[in-house]
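Order of the sequence lines sets the chain letters (A, B, ...), proteins ahead of strands, with each chain counted from 1. Here the structure is a predicted model, which means the values were calculated and not measured.
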Number of protein chains: 6
Amino acid sequence: MASIIRASVVQSCTSRFNLSETLDKFENLTRLAKERDGTQLVVFPEAFIGGYPKWSTFSCAVGDRQPQGRDEFLKYHTAAIEIPSPAIHRIEEVSKATGVFVVMGVIERDGGTLYCTAIFVDPVEGLVAKHRKLLPTASERLIWGQGDGSTLPVVGKRFESCVQKAHAVHTKISAAICWENYVPLLRTYYYSLGTQIYCAPTVDSRDTWQSSMQHIALEGRCFVLSACQFATEKDYPLDHAVADPNNRNPDNIMINGGSVIISPLGKVLAGPTRQPEEILTADLDLDDVVRGKFDLDAVGHYARPDVFQLKANIPPH
Amino acid sequence: MASIIRASVVQSCTSRFNLSETLDKFENLTRLAKERDGTQLVVFPEAFIGGYPKWSTFSCAVGDRQPQGRDEFLKYHTAAIEIPSPAIHRIEEVSKATGVFVVMGVIERDGGTLYCTAIFVDPVEGLVAKHRKLLPTASERLIWGQGDGSTLPVVGKRFESCVQKAHAVHTKISAAICWENYVPLLRTYYYSLGTQIYCAPTVDSRDTWQSSMQHIALEGRCFVLSACQFATEKDYPLDHAVADPNNRNPDNIMINGGSVIISPLGKVLAGPTRQPEEILTADLDLDDVVRGKFDLDAVGHYARPDVFQLKANIPPH
Amino acid sequence: MASIIRASVVQSCTSRFNLSETLDKFENLTRLAKERDGTQLVVFPEAFIGGYPKWSTFSCAVGDRQPQGRDEFLKYHTAAIEIPSPAIHRIEEVSKATGVFVVMGVIERDGGTLYCTAIFVDPVEGLVAKHRKLLPTASERLIWGQGDGSTLPVVGKRFESCVQKAHAVHTKISAAICWENYVPLLRTYYYSLGTQIYCAPTVDSRDTWQSSMQHIALEGRCFVLSACQFATEKDYPLDHAVADPNNRNPDNIMINGGSVIISPLGKVLAGPTRQPEEILTADLDLDDVVRGKFDLDAVGHYARPDVFQLKANIPPH
Amino acid sequence: MASIIRASVVQSCTSRFNLSETLDKFENLTRLAKERDGTQLVVFPEAFIGGYPKWSTFSCAVGDRQPQGRDEFLKYHTAAIEIPSPAIHRIEEVSKATGVFVVMGVIERDGGTLYCTAIFVDPVEGLVAKHRKLLPTASERLIWGQGDGSTLPVVGKRFESCVQKAHAVHTKISAAICWENYVPLLRTYYYSLGTQIYCAPTVDSRDTWQSSMQHIALEGRCFVLSACQFATEKDYPLDHAVADPNNRNPDNIMINGGSVIISPLGKVLAGPTRQPEEILTADLDLDDVVRGKFDLDAVGHYARPDVFQLKANIPPH
Amino acid sequence: MASIIRASVVQSCTSRFNLSETLDKFENLTRLAKERDGTQLVVFPEAFIGGYPKWSTFSCAVGDRQPQGRDEFLKYHTAAIEIPSPAIHRIEEVSKATGVFVVMGVIERDGGTLYCTAIFVDPVEGLVAKHRKLLPTASERLIWGQGDGSTLPVVGKRFESCVQKAHAVHTKISAAICWENYVPLLRTYYYSLGTQIYCAPTVDSRDTWQSSMQHIALEGRCFVLSACQFATEKDYPLDHAVADPNNRNPDNIMINGGSVIISPLGKVLAGPTRQPEEILTADLDLDDVVRGKFDLDAVGHYARPDVFQLKANIPPH
Amino acid sequence: MASIIRASVVQSCTSRFNLSETLDKFENLTRLAKERDGTQLVVFPEAFIGGYPKWSTFSCAVGDRQPQGRDEFLKYHTAAIEIPSPAIHRIEEVSKATGVFVVMGVIERDGGTLYCTAIFVDPVEGLVAKHRKLLPTASERLIWGQGDGSTLPVVGKRFESCVQKAHAVHTKISAAICWENYVPLLRTYYYSLGTQIYCAPTVDSRDTWQSSMQHIALEGRCFVLSACQFATEKDYPLDHAVADPNNRNPDNIMINGGSVIISPLGKVLAGPTRQPEEILTADLDLDDVVRGKFDLDAVGHYARPDVFQLKANIPPH
């Protein structure tokens, strides 16, 4: 019963594309998770730093762009962070101070291109890895570039058991962002490298999202930690696009949350929540991964390498 | 609005491992689906012919077998069908008489080995393909062999639109049996060959099954037609294993159903049902597949072949 | 008369699924084989490291699993070893210290799946190869995955003749585990690559096993070294399954041994023994392989490649 | 319990290379098997018609032949039979009169070359197939040609159950002659075509033969019916070679029998016998083949077609 | 008159089954042929390397082998060479040093089976092909396996004309060993691929051999170069079998030579010789092949493909 | 020793293209063979009836014919015989009267085309078969057509043993004319149908012919009976072409004989003779065919049907 760690998902949102406000929010929420729940790992939603510009078209139509779209992109570009950068440094400091491992969605600026990225920050080692979303969805393709095989980390991490002092719990963490969770080959790749804590930062707040999270937990026999933004119009800049411009209201929901934690046997451990700001915390018994793999191991005894093989093009480091 | 066909999933069970009773049941249900609902395609559950010997251990333990387990297998072997055989012929006859395309789970006998197979029977061409389950689960491995790349059909079929006479609806049908639905590479293979009607004959009647069906519909942007057995103790031979031997009751549920039809956008079109015997019917607008792929095409614009490739070992015919 | 090496098979058992006790036992027995008999190669039984959970059902029935089965698997998973790992390192150290080549059955952990594996450890080069059982038998399929063509080594080894110093004896070693010995195509593959020392780690202790070992020696014209476990109830954890739970007795036999060494002409050189712990040692005159092939060479002058060909799907290294 | 047939193996010998005497012996023994035991199928030894010229060298040495060897061959050639021929017709008549299916080893003359052949004679259809030994052993290569893929029949046969009138028992019969039984690819081919009654006419009377017969029954999960000659010097022409020419004695054993019937689970049902002339009879419960395949099916659930495939070059008829 | 090359056949014998002595002899004879005669191609007899164990029975009789036969085989097996191996390398070195193309009979060891092989060694490319005898004769079948369609090379070779510097002479070389020369379909196959230099390494030293060589030259319209061993009892190990054990004499002839070179029009160009050791050399005007084919081309204008077709089963490389 | 028949070859020539003179000669020689030697079978040379127009060019050159050539052909055409015809009838009468089986070369007229044919005349059944030469040689192509698969008989014949009254000797007879003997596929076809008496009517009287006859006897393990014409200039019409028109001499040899009888082991039983007219007679022990096939059976134990197959296009009768 010793191989247990405590983990949280944070449901919240970016503060009006404002970096320092959002970093403050991050710090507060992380400290709360630590102090109130004793958490060891926390997952923040997709684009938590940088923001998710919902409803915006960036003034693009097929075959046309407009200057105001370019201006809008300029603001969005400015709100993003580089890796490394002072913002990253601050996140590392918070992680170090609290002892909490952080997985968080950020908008990463790399020259003229932005990436929808998940960062992995270790309280001891600082930023240890990042994952760039492989496939932006629909209009996201107007503003974000694509990641590749060089940013598909599965991060090994040694925690201390939360129920038995000094008992080491070795585990592996990876992250798939939003609709990447619908890419079966990416998931299979993560499973094949031993992912046990599968983080799913997202902004998809539809009901169907819950089915996919539960399915992935069962398919991969891993813990699924999905953190979604919950945002209303007041969380966006005043001039930001909304669903119905004729009906602006600060309390109109822009993104509806649904953060959740699920076990390797498909059991919902916490959530889903539709609260504006909430920290869900659960104890993860890592041995449940093995118990679950006894039933099904999609990359082991339940694979058919003679029939199907996944080739992954991962460049050497 | 013309590319619509009408399809059904049947929730029912094998009749006490009795082949002729079960074939009668098949015929009655198929005729009913045709006459009452005007269905054009019907999916029957896993192991509908041959039966699913739930709760049996076949008297096996690690390193040991017992003669009664071998006798039980002999009976089960006898109840299975060969392909082709008179039983297949009868299924073809019913298909022909009703004009209904049949996908059905059967226990296939091939020499000394049994396979958990799905057959595809066309009203005009008769048996056109079969799929052998690639990976029996847990104790199923005691009684069923494994399929391979030679029995992974994606069957092309031309229906007549049910709403516009003479309008041809070309579609593609495949089948994944029970926990094969948890094998992401198999699903990807089926998607890659253009599956639009994804049949999932099963005996998994847990609630979590619904999540996976909905996820698959969304991931593959295909119609998912899952037919599960519903069986009570009275549907099994009197001496068959049960969950609690001290508490036998003819009405105790052995397999709890949950058949369902879901659209490519994840919408539940019919079911899930927990009735002992029910035919669920829905109109499938095949154009919804394209509509759905606009959002996501896991084997097209939402794939990253530069990063991940699926190799399938399919022997030439 | 110079091409002789001395080889042993060890009849013993895993110590209550306890890794360090079992490694101690391995070391003691290997040292004894070296010191008492001057052996150069030693074969240990199937699952010697990790253990063979005889009589357990892992609480599986068709269509059902229970939590206690998953817990039992978790323990078994924990008792297994990775390759490489400290346990492997210790085996290498003993091999190096004694100069004895070791073939041993181990339960190999690879992520969530376990494999029934035979390792080949060279006193100079350390671990040189491993073979994963291709086809677990019956209830073994609940707990072990399947190997494939990538782990079918035939290991070339240069020994020094035990009767003539500095005379090099080049030979080839392979291993088939338990009922793999009933797979004629696997055996043929091993013969075709020149196997001269055919190791058969097993837990099949029935009398009929002796016939198969003698047959294989004659069919393959190779030395057959079959090492079987001998275990009583006291060699298992106290709560482990037994043949008759109403009649537990520490001295009840769980696995009955039968280790044996047979020459390429079918002559029994040592054993079969039914002793709880015994090292059988024999001198293997490798020239007997050629003498035997004069009579029959199932992959040479006694093959009919024009009529029958074996295709082996062995991935390139 | 109905699928039982009664079968016999005959231990006897050729009568001094005399065809008509040997045919008389065949008739008497077949009638006795029918009348005394009620047998339905009888297996006679290798070379029963034509004879096995044990100890003869046919005066051959490497690079040399002698006229007396050619004369000896001429006599042996004369004692052989063609297919068809009056001798075959007589065998058919006896089969028809007694209703017994006959499998028998004969020396077949085809032009200048002799073959060691097994014939299959049906009481209704007469001669239905023949198998020519693929690989004569050692000095047999001086006197017999080699068969090929065109004579590897697996004969389907419908018997009436010996315990339940009018109950049809469909089974498949094949034959491997003497050391062909050491050819794993040939055996696998026979298994793959569904052999249930595996006939092994032989003249190998060594003790090791018993091991191989038991192994084959287990490996192929088929009934093994091995009929061996028992012959003394008086059963040969007076001038025939013997083991020790200085010690001729009419009662010296030339071939020592060992005929045996074994079940698919390796149980010895009758024999082995060392009597000069004996008919062994046993009831074969064909359902035992399925019971046995539950444990192991080397061409089904216990095969790995993804790793090993047998290619057989069988010419179309 | 330019398309002439100079070729030799060597009459000699294996040196007492001694590999290094025989390789020395090979080197000396090849150097002599080069230096004395200026030869460009040399043919050595059948089994020159490895030896021809004339008169031995390997202690085999029908249905029996003896241990001393197996020991004799072991010695013979040891005296054989693998391809490639240091012995082959030495032959290549001599070929390279002298510039002489070598065709030579060797006993090839491949696992437990020996083959009677002819090797083709090019002075520039080294070993370019090998031919394994398809059909050992009589007692040879006790010690040699059979070749198949994969080793039936017809080797293309570009020589320099021996009478006109820098004039290229393109020709084709093949080899039939001993009684393979009596196999009309094999010869036809060689003719059909354009054989111009037909090598016939042999140990048949009877007078009738000359007729067959002359016939083949005429039938195939090719140069026939037959190299036969000449050996006396002293050329064999002391304990080797002889024609008359009561009359051993070191000078008794074991194999009587008869090496010969014949033109495509049947003219004897050199030999036959009965000398113990002799190199026969002749100039081969390759244009004589065409001159001869004017009269008769058994695979061209003198074939009747409408009536007779040769099917050859040659596996793709 | 009973299976012996007596056979003769006749060396003689056509009488100046004169049919009736030649038929008289045939009758006289046949009666002499019968009366003097007691022969049972006689072979006459190629073109014995009709004649062999040696040295004639029929006034043809490439691209040119002359009227005198046509006239010469007209005469030759007239000298030929039809089958049947009175000439055939007379041959049948002589055969019947003497009881001698006749094989004879004739020029057969069939409409405007002539064939070089061998006829088979049985004393009881009369003309039983004919063989038309498949491939005329060189200038023969100006005057003879080609046979095909419909005239390749192998004639079964029952003789009475010449050394044991009433002992039946069953044998098979075929004929290859002149250079057909250099066609290996034709010979193989004849061997494959069991030819034991191989007749070779010819006009090739070169020394090399003897080699081919001896080779064929050995290769086919059959008796070879070669009958050649012996003719001088006086045996031709006065105006017939000769070798040296400037040196005409009635005694100049045109065709030089060389008739011969050879046994299946290559032993010359009679001839070769260079006498103008001679009957060679020998006793043929048909058992020698079997004795010879013990050594070599090019269509049985010494064939490799897996490597080489002869396809013969023989139309159904």
> For chain E, which of F:L296, F:L135, F:T188 has the most heavy-atom pairs under 4.5 Å?
Replying inline: F:L135

> What residue, out of E:E180, E:K267, E:Q210, E:Q146, has the most heavy-atom pairs lying under 4.5 Å from chain F?
Replying inline: E:Q146

> If you look at every heavy atom in E:L185 and F:L185, which pair is closest and at what distance?
Replying inline: CD2-CD2, 3.4 Å

> Do you know the tightest heavy-atom contact between E:G266 and F:T208?
Replying inline: O-CG2, 4.4 Å

> With a 4.5 angstrom heavy-atom cut-off, which part of E:R304 approaches chain F: side chain, backbone, both or neither?
Replying inline: both

> Are side-chain heavy atoms of F:Q214 and E:Q214 found at a separation under 4.5 Å?
Replying inline: no

> In terms of ring plane angle, is the pair F:F308 and E:Y189 parallel, tilted or perpendicular, where the classes change at 30° and 60°?
Replying inline: tilted

>> Which atoms of E:A138 are under 4.5 Å from chain F, going by heavy atoms: the side chain, the backbone, both sets, or neither?
In response: neither

>> Would the distance check show the side chain of F:Y182 and the main-chain N or O of E:A298 forming a donor-acceptor pair, the cut-off being under 3.5 Å?
In response: no

> So what's closer than 4.5 Å to chain F heavy atoms on E:N181: side chain, backbone, both or neither?
Replying inline: backbone

> Side chains of E:H215 and F:S211: donor-acceptor distance under 3.5 Å anywhere?
Replying inline: no

>> So which atom in F:D295 and which in E:T137 form the shortest heavy-atom distance, rounded to 0.1 Å?
In response: O-CG2, 4.4 Å

> What part of E:A303 gets closer than 4.5 Å to chain F, counting heavy atoms only: side chain, backbone, both or neither?
Replying inline: backbone

> When only pairs under 4.5 Å are counted, which of E:P184, E:P136, E:G147 shares the most heavy-atom pairs with chain F?
Replying inline: E:P184

>> Is E:L152 in contact with chain F via its backbone, its side chain, both, or neither, using a 4.5 Å heavy-atom distance?
In response: side chain

> In Å, rounded to the nearest 0.5 Å, how long is the span from CG of F:L218 to CZ of E:R206?
Replying inline: 8.0 Å

